[in-house]
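Presented below is the structure to which this report refers.
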Amino acid sequence: MKKFMLAAGIVCMAACAAFGMGGQDTAEENADGKTTVEFWSWLPTVIDWDPIYAAFKAEYPDIDIDYVRTEQSDYFQKLQVALASGTGPDLFGLQPGAYVEQYGMFCADMQELADQYMPGWADVVNATAVEQSRDSEGFTTGMPVLLAGVPFMLYNDTLMKECGVTEVPKTYEEMKAAAEKITAAGYVPMAIGAADSWQSVDNFVAFCEQFEPGAVYEAEAGLRPWTDDVFVQAMEAWKAFFTDGIFQNGALGVVTYPDARDQYFFARKAVFFPCGSWHVGPTSPSNAEIQGTEIQKRGDVIGMVAWPQVGPNPVVATTGVDFILSVNKDSDKKEAAMKFVDFLTRGKGQEMWTATGQGTPVVNGMSFTGVIDGELQQQSYDTIYAMNAASNARRKLLYADLDKALSVAGQNIASGADILAELEQVQAISDSIER
């Protein structure tokens with residue numbers, strides 16, 4: 001059934017293109033001699049886009065980028081409909097893992113495009129990042145642009161100390177004790193967007209690495225059952241954050257962006273904000289994202305650290321490509337699109353974007369070039385760069401059905417469902433996957 005639906009999508013796309021219904025212009029240039037590339041993504045943010053685009057235009061005045069941004073929670077559904085109907089953009093953002101498998105059929109071969117339009121790219125772009133941008137058959141779906149890792153969290157050092165917690169908790173027991181003080185002071189310990197599927201899956205994978213490194217990838221490959229003790233323990237650790245009152249009430253109905261960020265952490269109602277290394281920017285008081293927020297008005301000191309340790313092994317970052325740029329295989333703007341890809345991957349755009357804290361560089365040897373003006377900012381960058389660089393644990397799982405099953409299980413378990421019963425459902429889905 002799945003293959004039939006995909007085939008139907010291809011037929012529909014071909015028909016639309018044949019009758020002029022596709023989203024791709026038939027002329028390479030506009031009447032004014034410029035080329036317009038339509039670009040869809042959830043990144044960059046609106047705040048980051050303007051300066052990046054201005055720098056691109058300074059280098060390529062004859063190329064316009066029509067950027068259509070959609071929040072990540074709605075983005076992939078919108079993209080799927082557009083690509084299947086032949087009305088998709090010239091250029092679009094992806095993430096590794098399941099999305100690479102799902103959308104690879106719509107992507108131009110980035111290996112060929114990069115060899116043609118980005119000579120020497122393979123000598124400077126992180127090879128592991130490139131590998132994660134390929135599907136299971138080795139097809140390069142896009143160019144990696146940003147690296148990121150979990151489990152990290154922003155914390156309000158000023159508010160934490162006001163609540164009587166003098167040190168950032170490094171273990172779960174320390175976090176539990178800190179949460180009691182923070183709650184007694186009238187604040188939320190950790191504000192999480194648990195309605196987001198990536199939160200439950202990302203943190204489950206990271207927790208598994210603390211109980212038995214590598215086990216989650218063996219289960220992903222079908223080499224061990226999802227009902228093994230290591231996965232039960234990881235789910236127990238996840239559930240404890242809810243039952244012990246560390247996460248806010250109603251966390252399962254809250255998304256990370258913008259709700260948990262804006263209504264809790266930026267509003268100075270929560271001490272800790274679980275996210276990923278891509279969100280280290282607010283450790284700088286001059287960061288554009290926090291201007292006008294309560295934490296900025298109060299002059300609070302913000303830092304970023306890893307989550308507290310929940311298992312017997314140390315916390316390690318589960319890392320990987322956070323953002324991939326893919327070119328639509330049916331676009332007739334490939335050369336212009338690749339100039340933008342090159343700009344964001346090896347050029348000024350890579351330097352500018354990573355300086356915002358949205359991710360770590362994919363270019364080998366590139367270091368942080370942003371302004372250091374926060375008390376804990378340098379320490380925070382050192383922490384995430386070191387943990388991401390030292391990691392060999394992959395963040396994203398390869399199969400969309402498995403990712404969804406673990407997300408559902410994690411949310412059901414947080415609501416009180418039986419852990420083993422939920423993992424049995426995950427196993428049933430895993431058994432149905434063709435590997």
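Sequence neighbours left out, not one pair with a member in residues 102-113 passes salt bridge (Lys or Arg N to Asp or Glu O under 4.0 Å). Identified under the salt bridge (Lys or Arg N to Asp or Glu O under 4.0 Å) test for residues 132-160, with sequence neighbours left out: Glu131-Arg134, Asp157-Lys161. Sorted by first then second residue, the ring pair (Phe, Tyr, Trp, His ring centres under 6.0 Å) pairs that include residues 351-372, not counting sequence neighbours, are Phe323-Trp353, Phe368-Tyr381. Counting only residues at least two apart or on different chains, no ring pair (Phe, Tyr, Trp, His ring centres under 6.0 Å) pair has a member in residues 128-160.
The side-chain heavy atoms of Val315 and Pro151, taken from C-beta on, include a pair separated by under 4.5 Å. Val254 is not listed as a side-chain neighbour of Ile192, based on a closest heavy-atom distance of 4.5 Å or more. Between Ser415 and Leu252, the closest side-chain pair of non-hydrogen atoms falls below 4.5 Å. Residues Asn328 and Leu91 are not in side-chain contact: their nearest non-hydrogen atoms beyond the backbone lie 4.5 Å or more apart. Residues Val271 and Met190 fail the side-chain proximity criterion, which asks for heavy atoms closer than 4.5 Å. Counting only heavy atoms from C-beta outward, the side chains of Val321 and Leu146 never approach each other to under 4.5 Å. By the 4.5 Å heavy-atom criterion applied to side chains, Leu397 and Val201 are counted as neighbours. For the pair Leu94/Phe76, a side-chain contact is recorded, criterion being any heavy-atom separation below 4.5 Å from C-beta on.
Counting heavy-atom neighbours within 6.0 Å of Lys78 NZ, excluding the residue itself, gives a total above 12. At most 12 heavy atoms of other shown residues, nucleotides or ligands fall within 6.0 angstrom of atom CD in Glu375. Counting heavy-atom neighbours within 6.0 Å of Asp431 CG, excluding the residue itself, gives a total above 12. The local environment of CG in Asn392 is sparse, with at most 12 non-hydrogen atoms from other residues, nucleotides or ligands closer than 6.0 Å.
Between His279 and Tyr257, the gap from one ring centroid to the other is short of 6.0 Å. The aromatic ring centroids of Trp278 and Trp42 lie 6.0 Å or more from each other. In this structure, the ring of Tyr172 has its center no less than 6.0 angstrom from the ring center of Trp307. Two rings, from Phe273 and Tyr264, have their centers 6.0 Å or more apart. Checked against a 6.0 Å centroid threshold, the rings of Phe242 and Trp238 count as neighbours.
The main-chain N or O of Asn313 is found under 3.5 Å from a side-chain atom of Gln309 such that the two form a donor-acceptor pair. Looking only at distances, a side-chain donor or acceptor of Tyr67 sits under 3.5 Å from a matching main-chain atom of Pro44. At distances below 3.5 Å, at least one donor-acceptor pair connects side-chain atoms of Gln350 with backbone N or O atoms of Val362. A donor-acceptor contact shorter than 3.5 Å is absent between the side chain of Thr183 and the backbone of Glu180. The backbone N or O of Gly193 lies less than 3.5 Å from no partner atom in the side chain of Gln248, so there is not a single donor-acceptor pair. Lys334 contributes a side-chain N or O that, together with a main-chain N or O of Lys329, makes up a donor-acceptor pair within less than 3.5 Å. Side-chain atoms of Ser326 come within 3.5 Å of backbone N or O of Thr141 as a donor-acceptor pair. Using a distance-only test at 3.5 Å, with no hydrogens or angles considered, no donor-acceptor pair links the side chain of Asp228 to the main chain of Phe231. No donor-acceptor pair under 3.5 Å is formed between the side chain of Ser331 and the backbone N or O of Val327. Of the possible donor and acceptor atoms, none in the side chain of Gln210 sits under 3.5 Å from a partner among the backbone N and O of Val316.
Here the CG-CG distance, from Leu113 to Leu325, works out to 12.0 Å after rounding to the nearest 0.5 Å. A distance of 13.5 Å separates CD of Glu101 from OH of Tyr99, quoted to the nearest 0.5 Å. Atoms CG and CE, from Asp90 and Met338 in turn, are 13.0 Å apart once rounded to the nearest 0.5 Å. Within the model, atoms CG of Leu154 and CE of Met304 stand 4.0 Å from one another, a figure rounded to the nearest 0.5 Å. The distance from atom OG1 of Thr45 to atom CZ of Arg69, rounded to the nearest 0.5 Å, is 6.5 Å. The structure places CG of Asn156 at 7.5 Å from CD of Glu162, a figure rounded to the nearest 0.5 Å.
Judged as a side chain to side chain contact (heavy atoms under 4.5 Å, CB included), and not counting sequence neighbours, the contacts of Thr319 are Ala317, Asn388, Ser391. Gln263 is linked by a side chain to side chain contact (heavy atoms under 4.5 Å, CB included) to Asp259, counting only residues two or more places apart in sequence or in another chain.
Of all non-hydrogen atoms in Asn126 and Ala129, the two that sit nearest each other are OD1-N, 2.8 Å. Here the shortest heavy-atom pairing between Ser284 and Ile290 reads O-CD1, 3.5 Å. Taking all atoms of both residues into account, the shortest heavy-atom contact from Gly245 to Pro189 is O-CG, 3.8 Å. Across every non-hydrogen atom of Arg394 and Val205, the tightest pair is O-CG1, 3.9 Å. Between Met118 and Val341, the closest heavy-atom pair is SD-CG1, 4.1 Å. The two residues Arg224 and Val230 make their nearest non-hydrogen contact at NH2-CG1, 4.2 Å.
Here Lys239 does not pair with Glu422 in a salt bridge; the nearest charged N to carboxylate O distance is not below 4.0 Å.
Trp40 and Glu38 share a side-chain donor-acceptor pair at under 3.5 Å. Side chains of Gln116 and Glu335: a donor-acceptor N/O pair is absent below 3.5 angstrom, by distance only. Using modelled atom types, one finds no donor on one side chain facing an acceptor on the other under 3.5 Å when comparing Asp403 with Trp198.
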CA sep, side-chain torsions, deciding dist, call: Arg261, Glu289, salt bridge (Lys or Arg N to Asp or Glu O under 4.0 Å):
CA-CA 11 Å; Arg261 177 194 62 192; Glu289 185 180 4; 3.3 Å; yes

Run the side-chain contact (heavy atoms from CB on, under 4.5 Å) test on Ile324 and Met143 for me, step by step, so that the C-alpha distance in whole Å, both residues' side-chain angles and the decisive distance to 0.1 Å come before the verdict.
CA-CA 5 Å; Ile324 300 168; Met143 182 64 67; 5.6 Å; no

Do Trp226 and Ser430 pass the side-chain contact (heavy atoms from CB on, under 4.5 Å) test, and can you show the C-alpha distance, the side-chain angles, and the key distance before you say yes or no?
CA-CA 8 Å; Trp226 286 101; Ser430 181; 3.4 Å; yes

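Taking the ring centre of Tyr399 as origin, the terminal cationic atom of Arg435 falls inside the region bounded by 6.0 Å and 45° from the ring axis.
Exactly one residue among Phe56, Phe340, Phe92, Tyr53 makes a ring-ring contact (aromatic ring centres under 6.0 Å, His included) with Phe39. That residue is Phe340.
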